[in-house]
Amino acid sequence: MSHGVVQEKVTSALLDALNGARQKGQLKTAAWPTLSLDTPKRPEWGDLASTVAMSLAASEQRAPHDIAQIIVENLPQPDQLFERVEIVRPGFLNLTVKPALWQETLREIEQQSASYGTTDVGKGQRALVEYVSANPTGPLHVGHGRGAAVGQAVASLLTAVGFEVVSEYYINDAGRQMKLLGTSVAARYRELKGQPADFPEDGYHGAYITALAERLTPALDVEGGLSAEQLEERCQSLAYQALLSLIREDLKTFGIEFASWFSEASLLSSQAVERVLDELKSRRLVFEQDGAWWFRSSDFGDEKDRVVKKQDGEYTYLASDIAYHRDKLRRGYDLLIDVWGADHHGYIPRMQAVMQAYGHPKERLQVVLVQLVKLLRAGEEVKMSKRTGEFITMREVIDEVGADAAKFYFLMRDSKTHLEFDLELAKQRSADNPVYYVQYAHARIASLWRVAASRGITCPPPSRANLSLLSDPDELGLIRKLAAYPTVLEAAAIGYEPHRMTYYLQQLAALLHTFYNKHRILPTATDSEVFAQAAPGITADEGAKRETLSPERTAARLALMRGVQQVIKNGLTVLGISAPDQM
RNA sequence: GCGCCUGUAGCUCAGCUGGAUAGAGCAUCAGCCUCCGGAGCUGAGGGCCACAGGUUCAAAUCCUGUCAGGCGCACCA
């Protein structure tokens, strides 16, 4: 439950230095800016860099360089933490951390294992993440798949940083679309029976409707027949049930389960919508005009007021949504997160208005927008048409490329930007495919344990290995990456940006593969005599592959590998992706 | 017309919320397996960060304007 030993010790040292300087009267700023540590782009600039001195320049009215100097002078016991402390140009504070401190990260990872990286910034606040929420009028398509992957990832990221999270699916099981589903199925049924059927103009044209009608035929063939109304009603409820369970199944095969399914119809049948509108009416936030009822959303920054009850007496979608979000607030959530398709962005101001109407800051509702997925097959766009009902379902994608690959691809890019998803690429088992690249890194390490076991090489836990042997730049580079994990996780969670995780994992995997290729971890079989002599040290140089390994070094490197494996596993797990030991 | 999002290498995209000389993958070219999984690795070329102003010690990042693309602007959901 921390940002890692290195991060913590270094930031607290900086903080001590700042406070110490203030006590001595060397600095006067009342509130320090947040002390974030950057990892510099170039190795000469140290392991970690701080820009505090420069950001304090204004409030201190001094040159950044002088401020940096003061900070450095006030660092408590710098020799214990730092190899080198440098002040560069405008006022960068470049810190080179002692290898011993970096190496502690491996013990930390070992100790915390699956919880390494988690923090408690959420402080146990309750969050409700609502996602997918597709109308139960057809199978989920690719776009829903991305929404599902993002929603699940956001939910589990928030859990990882200390929120208490519930994920929920809102079922639009009321209103016109459901009715239309019923008439569409009924029309197909009549066609199957050779009866006259005029298919509704704006009905659901997909082939799945016909298939559904066929499947439901036994339940619809009633002796004496049904009235048109009865038939449509029956079609609606049967089709609804069938489609909802299809959706649940599809989500399940995608590895996604919701803690809660919330029905729109229940809001209507319990009069919740009515009550909420009456309540708002008494507060003059809903008013009557032109025979309709309007929500005064413009009071809260929306561009205009919105109808909640139409002239014909029907409620609009917004009415249920107000009641629904009111219900979410009632249930005591501190943070509401809605994952929506980007085409609904215009809806955000009015929903934030709802928050404010109930006395909450509009930030209490956070909307994560998910842009369209452009499906490709070997570079060619796969066309989809909503009108003809021809679209690629989420299920088809999962069946073709697998749940892991699909999720990783859905999460690779910032959710608010368009995503190109090439089915052929996602299926490839090569370096071109980032999913396998990352999973392979994990599997590769797993295979080390197998080989070690078969050769009778014992792997002591990191706590008993001599980690000080991990002083090579490649080794320390790997450790630094591992140490950055908690920070990446937190940034991804706080910003609702799972793609930061996929990026991080790719980078970590790249470092691992490079390391693996360049250095040996286990002694070669033919090296066993050399190994038996326990030749001290290594002969590295340009023939890195010829470096000989002492048992201690092997143990240390295995400890490093254990850390890498754990972090990859943790990262993939947060994203809902498996970390296989064999591929 | 108004609003939101996007514009970074030939292509697909990152860029840690204002930091240092701009970063990956693909594609292209040149290399690496007697050995822990080649589903891997190394190297090279490739940039006016759409454009123009502004803010400051510092701008791909913030502000304004322009251009281009996407999406919204219902008493539909």
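We name chains A, B, ... by the order of the sequence lines, and we start the count at 1 in each one. Hydrogens, waters and symmetry mates are skipped; everything else that's a heavy atom, side chains included, is used.
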- Query: To the nearest Å, how far apart are A:Leu268 CG and B:A77 P?
  - Reply: 11 Å
- Contact check, side chains of A:Asp581 and A:Arg450, non-hydrogen atoms, under 4.5 Å: yes
- Message: Taking the P atom in each of B:G10 and B:C71, what is the distance between them to the nearest angstrom?
- Response: 26 Å
- Mind checking A:Ala49 for me? I need base, sugar-phosphate or nothing, with any heavy atom below 4.0 Å counting as a touch. base
- Message: Looking only at the side chain of A:His344 (C-beta and beyond, no hydrogens), which of the listed nucleotides B:G40, B:A77, B:A22 gets closest?
- Response: B:A77
- Query: Using atom P of each nucleotide, how far apart are B:C49 and B:U21 to the nearest Å?
  - Reply: 14 Å
- With respect to the side chain of A:Glu44, which nucleotide from B:A20, B:U21, B:U42 is positioned closest? B:U21
- Query: Hey, does A:Asp312 reach any base, or is it just sugar-phosphate, or nothing, if we go heavy atoms under 4.0 Å?
  - Reply: nothing
- Item | Of the listed nucleotides B:C36, B:C16, B:G40, the one nearest the side chain of A:Leu448 | B:C36
- Query: In terms of the angle between their ring planes, are A:His499 and A:Tyr503 parallel, tilted or perpendicular, with boundaries placed at 30° and 60°?
  - Reply: perpendicular
- Query: Between A:Arg557 and B:C36, is there a side-chain N or O to OP1/OP2 distance below 4.0 Å?
  - Reply: no
- Message: Distance check needed: B:C73 C1' versus A:Asp305 CG, whole Å only.
- Response: 15 Å
- Message: Distance alone, cut at 3.5 Å: any donor-acceptor contact between the side chains of A:Trp449 and A:Gln565?
- Response: yes
- Does OP1 or OP2 of B:C76 have a side-chain N or O of A:Lys310 closer than 4.0 Å? yes
- When all nucleic acid strands are considered with a 4.0 Å heavy-atom cut-off, which category describes A:Ala491: base, sugar-phosphate, or nothing? nothing
Polar-atom pairs under 3.5 Å, protein N or O versus N or O of nucleotides 4-11 of chain B: list them with distances, or write none.
{"residue": "B:C5", "atom": "O2'", "partner": "A:Lys416", "partner atom": "O", "Å": "3.4"}

- Query: Quick one: are A:Leu48 and A:Arg480 in side-chain contact, heavy atoms under 4.5 Å?
  - Reply: no
- Under 4.0 Å: is that the gap between some side-chain N or O of A:Thr514 and OP1 or OP2 of B:U42? yes
- Item | B:U61 and B:C76, which share atom name C1', separated by this distance in whole Å | 39 Å
- Determine the Euclidean distance between corresponding P atoms of B:C13 and B:G7; express it in Å to zero decimal places. 10 Å
- Message: Looking at A:Asp290 and A:Ala292, would you say the former's side chain and the latter's main chain have a donor-acceptor pair under 3.5 Å?
- Response: no
- Note on the structure: Closest to the side chain of A:Phe92, out of B:G23, B:A77, B:G19, is B:G19
- Would you call A:Tyr503 stacked on B:A24, i.e. ring centres under 5.5 Å apart with the planes less than 30° off parallel? no
- Message: Please confirm whether the shortest side-chain N or O distance from A:Arg350 to OP1 or OP2 of B:G72 is below 4.0 Å.
- Response: no
- Task: State, yes or no, whether a side-chain contact exists between A:Val121 and A:Ile494 at a heavy-atom distance under 4.5 Å.
- Result: yes
- Sub-3.5 Å donor-acceptor pair from the side chain of A:Asn94 to the main-chain atoms of A:Glu86, do we have one? no
- Task: Assess A:Arg306 against A:Trp293: is NZ or CZ under 6.0 Å from the centre of the six-membered ring, and within 45 degrees of the ring's axis?
- Result: no
- Task: Take A:Lys304 and A:Glu264, find for each the nucleotide of RNA chain B with the closest heavy atom, and name the residue whose nucleotide sits nearer the 5' end.
- Result: A:Lys304
- Message: Show me the dot-bracket string of RNA chain B, counting Watson-Crick or G-U pairs under 3.5 Å, with | for pairs to another strand and [ ] for crossing ones.
- Response: (((((((..((((.....[...)))).(((((.......))))).....(((((..]....))))))))))))....
- Task: Please name all residues satisfying ring-ring contact (aromatic ring centres under 6.0 Å, His included) with A:Tyr324, sequence neighbours left out, ordered by chain then number.
- Result: A:Tyr170, A:Phe262
- Item | A:Leu522 side-chain proximity, nearest of B:A20, B:C36, B:C41 | B:C36
- Task: Identify which nucleotide among B:G38, B:A77, B:G19 has an atom closest to any side-chain atom of A:Arg444, counting heavy atoms from C-beta outward.
- Result: B:G38
- Note on the structure: To the nearest angstrom, the CG-C1' distance between A:Asp422 and B:G25 comes to 14 Å
- Message: Please classify the nucleic acid contact of A:Ser447 as base, sugar-phosphate, or nothing, using heavy-atom distances under 4.0 Å.
- Response: base
- Message: For a quick check of understanding: with a heavy-atom distance under 4.0 Å over all strands, which category does A:Lys41 fall into, base, sugar-phosphate or nothing?
- Response: sugar-phosphate
- Query: Do A:Arg296 and A:Phe287 meet the cation-pi criteria used here (NZ or CZ under 6.0 Å from the six-membered ring centre, within 45° of the axis)?
  - Reply: yes
- Task: Ignoring backbone atoms, test whether A:Tyr437 places a side-chain nitrogen or oxygen under 4.0 Å from the OP1 or OP2 oxygen of B:C41.
- Result: yes
- Using the C1' atom as the reference point in each nucleotide, state the distance between B:A9 and B:A24 in Å, no decimals. 11 Å
- Message: Within the 4.0 Å heavy-atom criterion, would you say A:Arg42 contacts the bases, only the backbone, or no part of the nucleic acid?
- Response: base
- Quantified in whole Å, what is the C1' atom distance between nucleotide B:G18 and nucleotide B:U55? 11 Å
- For B:C33, does the O4'-C1'-N9-C4 (purine) or O4'-C1'-N1-C2 (pyrimidine) torsion place it in syn, i.e. within 90° of 0, or in anti? syn
- Message: Whether the side chain of A:Glu475 engages the backbone of A:Asp472 through a donor-acceptor N/O pair (distance < 3.5 Å, no angle test) should be reported.
- Response: yes
- Query: Just checking, any donor-acceptor pair under 3.5 angstrom between side chains of A:Glu130 and A:Ser133?
  - Reply: yes
- Query: Between the base of B:A20 and the side chain of A:Asn94, is there a donor-acceptor distance below 3.5 Å?
  - Reply: yes
- Message: Classify A:Thr487 by what it touches in the nucleic acid, base, sugar-phosphate, or nothing, heavy-atom distance under 4.0 Å.
- Response: nothing
- Query: So, A:Phe421 versus A:Phe410, ring centres under 6.0 angstrom or not?
  - Reply: yes
- What is the distance from NZ of A:Lys518 to C1' of B:G40, rounded to the nearest Å? 15 Å
- What nucleic acid atoms does A:Asp343 come within less than 4.0 Å of, heavy atoms only: base, sugar-phosphate, or nothing? sugar-phosphate
- Item | Nearest listed nucleotide, side chain of A:Arg176, among B:C76, B:U21, B:G15 | B:C76
- Of all the nucleotides listed (B:U12, B:U17, B:C36), which has the minimum atom distance to the side chain of A:Glu497? B:U17
- Pick base, sugar-phosphate or nothing for A:Glu314, based on heavy-atom distances below 4.0 Å to the nucleic acid. nothing
- Query: Hey, is B:U17 sitting syn or anti, using the within-90° cutoff around 0?
  - Reply: syn
- Message: Would you say the base of B:G40 stacks on A:Tyr516 (centre-to-centre below 5.5 Å, plane angle below 30°)?
- Response: no
